[in-house]
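To start, the structure itself, in structure tokens.
Sequence lines set the chain letters: A, B, ... in the order given, protein chains first and strands last, and positions in each chain run from 1.
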Protein chains: 2
Amino acid sequence: MSVAEELLTPGEVARMFRVDPKTVRKWGQLGRLTSVRTPGGHHRYRENEVRALLDHGRTTVNNPS
Amino acid sequence: MSVAEELLTPGEVARMFRVDPKTVRKWGQLGRLTSVRTPGGHHRYRENEVRALLDHGRTTVNNPS
DNA sequence: CTTCAATAGGGTAATTGGGGGA
DNA sequence: AGTGTCCCAATTACCCTATTGA
């Protein structure tokens, strides 16, 4: 179902990854993030992709005593 | 329900534990820290995890000094 | 229409990742 | 077993100004 997907601003993505907005833009240029361009040239990123990326690197390992 | 979690850079964690960033990365490899990876390959660590680990080392029953 | 915050763009410094060895 | 330091290359952070977005 293609409902309107939530688009995130560079600042939002940068806050989620704890990086600089400039770094987020480079990820889009490198093809690691799908960047949606506004008519003015600003970038928007898909929330689903960002969340998938965050979950991908997550090592949910329980530490047994 | 994923609210924006606070992520810390390796340098931040290293400063809190008074160790080298390299050591922090090893903790992530050993599964003792939840490591979130940026698309660029850098690691980010959960502030809650770090705090829990810091508190965990405070198993002092009654000996603050 | 105006105002203000955020963003794009390039360039340079600092940090980080990885292996190997002490 | 665990940590600190060496090398390298890659990634990221902060400086600036002009433009876009709401």
(message) On a heavy-atom basis, which atom in V19(A) and which in R44(B) lie closest, and how many Å separate them?
(response) CG1-NH1, 3.1 Å
(request) Give none if dT19(D) has no partner; otherwise give the nucleotide forming a Watson-Crick or G-U wobble pair with it, both distances under 3.5 Å. (result) dA6(C)
(request) Rounded to the nearest 0.5 Å, what's the gap from CZ on R51(B) to CD on E6(B)? Could you check? (result) 8.5 Å
(request) Rounded to the nearest 0.5 Å, what's the gap from CG on L7(B) to CZ on R46(B)? Could you check? (result) 8.0 Å
(message) Whole angstroms only, please: what is the CG-P distance between L7(B) and dT16(C)?
(response) 15 Å
(request) Please report, rounded to the nearest Å, how far the P atom of dG21(D) is from the CZ atom of R37(A). (result) 11 Å
(message) For G40(B) and H42(A), find the nucleotide of DNA chain D closest to each by heavy atoms; which residue's nucleotide sits nearer the 5' end?
(response) G40(B)
(request) Look at T9(B) and dT12(D) and indicate whether a side-chain polar atom (N or O) is within less than 4.0 Å of OP1 or OP2. (result) no
(request) Give the nucleotide from the list dG17(C), dT3(D), dA8(C) with an atom nearest to the side chain of K22(A). (result) dA8(C)
(request) Would you mind telling me which of L54(B), T23(B), V24(B) makes a side-chain contact (heavy atoms from CB on, under 4.5 Å) with F17(B)? (result) L54(B)
(request) Verify the contact: side-chain N or O of H43(A) to OP1 or OP2 of dT7(C), cut-off strictly under 4.0 Å; return yes or no. (result) no
(request) Rounded to the nearest angstrom, tell me the gap between atom CZ in R32(B) and atom P in dA1(D). (result) 12 Å
(request) Could you pick out which residue, K26(B) or G41(B), lies toward the 5' side of DNA chain C when each is mapped onto its nearest nucleotide? (result) G41(B)
(message) Please tell me if T38(A) has a side-chain N or O lying less than 4.0 Å from either OP1 or OP2 of dT20(D).
(response) no
(message) On DNA chain D, compare the nucleotides closest to R44(A) and P21(A); which residue's is nearer the 5' end?
(response) P21(A)
(request) Take the protein atom CZ of F17(A) and the nucleotide atom C1' of dA13(D), then report the distance between them rounded to whole Å. (result) 17 Å
(message) Within this structure, what is the CG-CE distance for the pair L53(A) and M16(A), rounded to the nearest 0.5 Å?
(response) 10.5 Å
(request) Find the distance Q29(B):CD to dG17(C):P and express it as a whole number of Å. (result) 10 Å
(request) Just name whichever nucleotide pairs with dG2(D), Watson-Crick or G-U, keeping both distances under 3.5 Å, else none. (result) none
(message) What is the distance, to the nearest angstrom, from the CZ atom on R25(B) to the C1' atom on dG17(C)?
(response) 4 Å
(request) Measure the distance from CG on D20(B) to P on dG20(C) and round it to the nearest whole Å. (result) 19 Å
(request) Measure from CZ on R15(A) to C1' on dA5(C) and round the result to the nearest Å. (result) 12 Å
(request) Taking only the side-chain nitrogens and oxygens of W27(A), find out if one of them lies under 4.0 Å from OP1 or OP2 of dT11(D). (result) no
